[in-house]
Every structure is written in structure tokens, then in C-alpha cells.
Amino acid sequence: MERTLVIIKPDAVQRGLIGEITTRFERRGLKIIGMKLMLIDEKLARRHYGVHEGKPFFEGLIRYITSAPVVVMVLEGPNAIEMVRRTMGATKPLEANPGTIRADYAVTIGRNLVHGSDGPETAVREISLFFAENELISWDRCTDAWTFEE
């Protein structure tokens with residue numbers, strides 16, 4: 001099983017798309033093993049987006065991601081990273097395939113609704129920024145939740 005981090009960004013939260021976006025991942029068979037609504041502070045934003053420091057869009061990205069609530073979640077499943085990235089669509093909404101989140105709902109690259117880890121090492125690093133291991137649910141330990149016996 002593979003894990004990945006997803007951030008439902010401020011534009012998606014403000015537009016009421018949390019449920020729609022979450023549903024798309026669940027319908028692909030991915031399990032939510034951690035989820036929170038939060039405000040990202042500047043320090044965390046700079047750590048998360050550190051790979052972009054020095055680029056012309058960096059400061060605007062920091063201002064944007066810290067401007068309003070986001071939903072962060074960890075998804076788990078076979079090939080979770082690639083599954084999430086294909087479900088999100090290309091970073092530039094106009095280049096995203098029809099049926100992806102960004103093609104269906106995003107307008108510009110600066111307001112493209114979602115972030116997903118781009119590889120296994122990045123996923124491990126990003127998940128650890130937002131979640132402690134004890135905040136993540138192991139579904140294989142929850143077998144009783146799937147039965148109706150009392």
C-alpha cells in the first residue's frame with residue numbers, strides 16, 4: 001500500500017468542493033486514513049513549498065495557501081500517488097484531461113484546487129509535515145467497523 005498527501009486548497013474550500021473532491025478519490029478506491037480542516041501558518045507553508053523558494057511565484061503561493069482554511073488528507077491504496085495525480089489532472093487546468101478535478105473545476109494555474117505529492121519520497125516528507133503517525137488510521141485494524149454484528 002502506498003500513501004500520499006492531498007491538500008484541498010483555499011479556492012476549493014471556499015467554493016464548497018470538499019465533498020466532490022473527496023468523493024472522487026474515494027470512488028477510485030483510495031482510503032482516507034487521515035484528514036483535517038486547518039489553517040496553514042507561514043512557517044509550515046514555507047517548509048511544505050520549500051522546493052519552490054526563489055521562484056517568482058513563491059511568495060504569492062505562500063500568501064495564497066495561508067489565506068484561508070484548507071483540508072489536508074492522507075490517502076492510501078495501491079499506486080496511490082499516481083492515482084491521485086491522474087484524478088487531479090495536469091497542473092494547468094487548460095491542459096488537464098476532461099473528467100479530472102482540475103479540468104472540471106479549476107480556472108487558472110494559481111487556483112487549481114488541489115495539491116498531491118509527486119513521488120514516494122515527497123509523500124513521506126509531506127505527510128510528516130501535517131500528520132503525526134498516531135493521527136493516521138490503519139484500516140486493517142478496523143475490521144469490526146465493517147460488520148453489523150453487535
Side-chain angles (χ1 to χ4, degrees), residues 1-49 52 57 60-120 122-149:
M1 286 296 161
E2 190 172 66
R3 293 178 175 181
T4 189
L5 182 84
V6 170
I7 301 175
I8 301 176
K9 296 179 182 180
D11 54 324
V13 173
Q14 290 169 340
R15 290 175 55 196
L17 295 173
I18 296 168
E20 174 64 31
I21 291 169
T22 303
T23 297
R24 290 198 181 204
F25 294 127
E26 288 182 305
R27 287 188 177 159
R28 296 294 306 262
L30 296 167
K31 297 256 190 256
I32 299 170
I33 64 167
M35 180 183 238
K36 24 176 134 165
L37 176 70
M38 67 181 293
L39 289 168
I40 298 177
D41 65 30
E42 185 175 339
K43 182 179 176 183
L44 178 56
R46 288 182 180 281
R47 288 180 63 202
H48 176 69
Y49 286 118
H52 299 301
F57 59 85
L61 180 60
I62 299 303
R63 278 192 308 277
Y64 167 64
I65 203 68
T66 60
S67 68
V70 300
V71 172
V72 292
M73 59 183 164
V74 178
L75 301 177
E76 184 177 76
N79 304 304
I81 295 167
E82 184 64 23
M83 182 81 70
V84 164
R85 295 192 66 78
R86 287 180 186 236
T87 303
M88 291 187 318
T91 303
K92 295 179 182 178
L94 289 175
E95 295 175 5
N97 290 328
T100 63
I101 293 166
R102 289 174 174 153
D104 290 350
Y105 299 109
V107 179
T108 68
I109 190 171
R111 300 291 183 265
N112 64 6
L113 307 172
V114 286
H115 163 87
S117 303
D118 63 7
T122 305
V124 168
R125 184 183 68 77
E126 290 180 344
I127 290 168
S128 72
L129 288 174
F130 292 93
F131 291 89
E133 190 62 36
N134 67 356
E135 294 179 293
L136 302 176
I137 303 299
S138 176
W139 281 101
D140 60 343
R141 292 183 23 210
C142 301
T143 55
D144 287 345
W146 300 107
T147 64
F148 294 98
E149 297 174 20

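All values reported here derive from a predicted model rather than from experimental measurement. Sequence positions, counted from 1, serve as the residue numbers for this chain.
- To the nearest 0.5 Å, atoms CG (Leu39) and CG (Leu44) are separated by 11.0 Å.
- Within the 3.5 Å criterion, the main-chain N or O of Gly19 finds no donor-acceptor partner in the side chain of Thr22.
- Annotation: salt bridge (Lys or Arg N to Asp or Glu O under 4.0 Å) contacts involving residues 15-25, sequence neighbours excluded, comprise Glu20-Arg24, Arg24-Asp104.
- The line from CE of Met35 to CD1 of Ile18 is 7.5 Å long, rounded to the nearest 0.5 Å.
- Within the model, atoms CE of Met73 and CD1 of Ile7 stand 10.5 Å from one another, a figure rounded to the nearest 0.5 Å.
- Under the 3.5 Å distance criterion, the side-chain polar atoms of Glu2 are matched with a main-chain donor or acceptor of Ala80.
- Proximity of a side-chain donor or acceptor of Lys36 to a complementary backbone N or O of Phe131 within less than 3.5 Å is not detected.
- Taking every heavy atom of both residues into account, Arg111 and Ala106 meet most closely at O-CB, 3.9 Å.
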Leu17 vs Ile8, test: side-chain contact (heavy atoms from CB on, under 4.5 Å). Steps then yes/no. CA-CA 9 Å; Leu17 295 173; Ile8 301 176; 5.9 Å; no
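- Every residue was checked against the salt bridge (Lys or Arg N to Asp or Glu O under 4.0 Å) condition with Arg85, not counting sequence neighbours, and none meets it.
- Within the model, atoms CG of Leu5 and CG of Asp118 stand 11.5 Å from one another, a figure rounded to the nearest 0.5 Å.
- With sequence neighbours excluded, no residue forms a side-chain contact (heavy atoms from CB on, under 4.5 Å) with Leu94.
- Atom-to-atom distance recorded for Ile101:CD1 and Leu113:CG is 8.0 Å, nearest 0.5 angstrom.
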Pair Leu136-Arg3, side-chain contact (heavy atoms from CB on, under 4.5 Å): steps then yes or no: CA-CA 11 Å; Leu136 302 176; Arg3 293 178 175 181; 3.5 Å; yes
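- Across all their heavy atoms, Ser117 and Ala123 have their closest contact at OG-CA, 3.4 Å.
- Each side-chain hydrogen bond (donor to acceptor under 3.5 Å, both in side chains) pair with one or both residues in residues 87-99, not counting sequence neighbours, appears once here: Arg28-Thr87.
- Contact between His115 and Met88 at its shortest, heavy atoms only, is C-SD, 3.7 Å.
- Identified under the side-chain hydrogen bond (donor to acceptor under 3.5 Å, both in side chains) test for residues 61-70, with sequence neighbours left out: Asp11-Tyr64.
- Side chains of Pro93 and Thr108 form no contact here, defined as non-hydrogen atoms less than 4.5 Å apart.
- By the salt bridge (Lys or Arg N to Asp or Glu O under 4.0 Å) test, Arg86 pairs with Glu82, sequence neighbours left out.
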After noting the C-alpha distance and the side-chain angles of Val70 and Met38, does the key distance pass the side-chain contact (heavy atoms from CB on, under 4.5 Å) rule? CA-CA 6 Å; Val70 300; Met38 67 181 293; 3.9 Å; yes
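- Thr4 places no side-chain N or O within 3.5 Å of a backbone atom of Leu75 that could act as its donor or acceptor partner.
- With rounding to the nearest 0.5 angstrom, the OG1 atom of Thr122 is 10.5 Å from the CD1 atom of Ile127.
- At least one side-chain heavy atom of Phe130 sits less than 4.5 Å from a side-chain heavy atom of Ile40.
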